[in-house]
Amino acid sequence: MNAQFKRGIVELCVLSELVMEDMYGYRIINNISKDIDVNENTIYPILRRLTKEGHFTTYLVESDLGAPRKYYKVTEKGFKYYLELRDSWDNFIGGVYEILNRGGKKNEQISERFRKRIEKAKSE
Amino acid sequence: MNKFLKDLEKELKKLKVSDKDINEILEDHKEMIEAAKNEGLDEEQIEAKFGKPEALAKDLQEDAPKSTNKTSIKLTDVGSCVKEDVDSFNLVKTFHLISEDISVNIGLVSDDFNLTSYDGESIQVYEKNVKKIEDYTISFENNELLIKKEKGKIKIFNFSNDSGEFLVLVPKDINISKFDYKTVSGDANVNGVTSKEVKIKSTSGDLELTNFDGDNMKFSTVSGDIEILGLKGKQVEVSLVSGDFEMKQAVINGSMVFHSVSGDVELFEVECEEADFKTVSGDLEGKEFYPSEVSLKSVSGDIEITNRNVLKEINVISKKTVSGEININ
């Protein structure tokens, strides 16, 4: 996947996770990498940038297992940014599916349609 | 995983990331790797999860593309003007000077603006949180620095507060022949600048001026407040509707004229020739304020001056008021 594109999507996911609750870095990475193929080196730079831009703040929480952990918390600004980003994502992805579904929703449908088209072209 | 951290440090150093940032990034990674270990991941799994240090360093840089061309500058004279670290800004443009005389023309809407002198030789324009930098004209032509938000592109329905902040650094010894600043709601901070002609116009944005050297200065706001600390000037003209004006430690070798509807004027350790105060209900309060002449035209607004040095005489040249008073103690 195009790196820039992927970054935008992961940014949205990171925001979404943190809108639900405050989390420490590894937990965010774990939660996201469960569902999409992405690793730390994509997520961490995003966490860092969004923090620098004031979308997140951080605080330390003592941990039973070793060093204190840095928790990330969405700010008011970050929340607004999330809503905005999510809106444009929904619009975008909605538009993409609008286009894709014109050719059918299921693989069988799409294949059948394509086969028919090829046959028709041959017979002409 | 110590190798990962060491390699990461090496890569970040290669990319000239600041020591402070490197430390932070390494600390964060130590913590995250520990967390991964605590969840029972083995070295191999952790490696897969964290990827290659080179890739991470590159991503860190790419993901903050504007900060990569950041030059590390030492600011000796930033003063109180730029409260936050210059490091939090991103360098947009650097302009090299041909002449020591320049003019500055700023036209913004809601973005904040900072201008300060520094120990460098070029003009540097930085931004922070400015969403669409392409909507701004940022140029330096014919010795004029121009930063302007393009009018046609202002959104009517602003979903979120998308105002950012600009920071302009100018060389210390530079002479600004004309400084023109207009804003609607953005706040401005200007520090350590010499300018012959100053025109500042703001609707609701506040203005803070420190260590300023100016000849002809015109300030005008509707509801924005103006605060000036340390000024040398020849002529000051202030127009306020409801905004307040505060000035400390100023020497004006000419007149000061105030037009205000309800805005108050507060002066502390200020010297000038004539002071002319026209207002509806605003008050002028001066402490250690030494004008040679003073005049008041008001409905209910007062002038009250309290000075320790009573030998310096203040002449009242004219007083037209309904219920206002002039008290000089």
Side-chain angles (χ1 to χ4, degrees), chain A residues 2-4 6-8 10-11 14 23-34 37-56 58 60-72 75-88 91, chain B residues 1 4 8 11-12 17 21-22 24-41 45-67 84-85 87-90 127-131 155 157-165:
Chain A
N2 174 303
Q4 201 64 41
K6 191 170 179 178
R7 230 176 267 158
V10 176
E11 180 171 322
V14 169
M23 287 178 202
Y24 55 88
Y26 182 70
R27 173 99 195 277
I28 302 166
I29 291 160
N30 224 6
N31 282 2
I32 292 175
S33 61
K34 253 189 267 171
D37 178 24
V38 61
N39 60 15
E40 193 272 346
N41 63 32
T42 307
I43 297 174
Y44 178 74
I46 292 169
L47 276 174
R48 200 170 157 75
R49 177 169 50 79
L50 291 179
T51 306
K52 276 202 170 172
E53 288 173 359
H55 296 300
F56 303 146
T58 60
L60 289 175
V61 173
E62 291 299 327
S63 154
D64 301 335
L65 308 151
R69 282 172 182 171
K70 192 194 254 183
Y71 274 72
Y72 294 82
T75 59
E76 190 63 27
K77 186 182 166 191
F79 180 65
K80 278 187 185 156
Y81 180 58
Y82 169 65
L83 290 181
E84 196 180 355
L85 214 60
R86 168 134 197 184
D87 230 24
S88 48
N91 279 332
Chain B
M1 279 320 275
F4 177 91
L8 179 59
E11 292 298 324
L12 289 170
V17 177
D21 281 343
I22 291 179
E24 251 178 57
I25 292 166
L26 289 178
E27 276 306 310
D28 287 349
H29 279 84
K30 256 184 228 165
E31 178 212 305
M32 288 189 290
I33 290 168
E34 201 187 85
K37 274 185 190 159
N38 284 335
E39 294 206 356
L41 270 72
Q45 285 168 311
I46 292 176
E47 233 165 80
K49 202 148 226 168
F50 282 77
K52 288 211 165 72
E54 302 90 68
L56 172 61
K58 210 177 127 244
D59 262 25
L60 272 167
Q61 202 186 31
E62 260 178 34
D63 206 52
K66 287 166 204 151
S67 62
E84 282 155 287
D85 207 350
D87 280 353
S88 64
F89 284 83
N90 305 306
E127 64 82 25
K128 182 162 76 178
N129 301 335
V130 173
K131 276 243 173 94
K155 276 184 262 161
F157 299 104
N158 253 345
F159 173 63
S160 67
N161 173 23
D162 59 355
S163 19
E165 196 171 343

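In what follows, every heavy atom counts, from backbone to side chain, and hydrogens, waters and symmetry copies are set aside.
- With sequence neighbours excluded, the residues that form a ring-ring contact (aromatic ring centres under 6.0 Å, His included) with A/Y44 are B/H29.
- The choice from B/E39, B/K30, B/K52 that makes the most heavy-atom pairs within less than 4.5 Å of chain A is B/E39.
- Contacts of B/A57 with chain A are absent, with no heavy-atom separation under 4.5 Å from either backbone or side chain.
- Using a 30° and 60° split on the angle between ring planes, A/Y81 and A/H55 fall in the parallel class, below 30°.
- Contact of B/L41 with chain A is made through the side chain alone, with heavy-atom distances under 4.5 Å.
- Shown here for B/F4 and B/G51, the closest heavy-atom pair between the two residues is CE1-O, 3.4 Å.
- Under a 4.0 Å N-O distance rule, the pair A/E84/B/K131 qualifies as a salt bridge.
- With a 4.5 Å cut-off on side-chain heavy atoms, A/P45 and B/L56 count as touching.
- Taking the side chain to side chain donor-acceptor pair (under 3.5 Å) definition, one finds that B/E31 meets it with nothing, sequence neighbours left out.
- For a heavy-atom cut-off of 4.5 Å, chain B lies close to A/G25, A/Y26, A/I29, A/N30 in residues 25-32 of chain A.
- In this structure, A/K70 and B/E27 have side chains that are not in contact, with every pair of non-hydrogen atoms separated by 4.5 Å or more.
- For A/R69, the parts sitting under 4.5 Å from any heavy atom of chain B are the backbone and the side chain alike.
- The side-chain contact (heavy atoms from CB on, under 4.5 Å) test applied to A/N39 returns A/N41, A/T42, not counting sequence neighbours.
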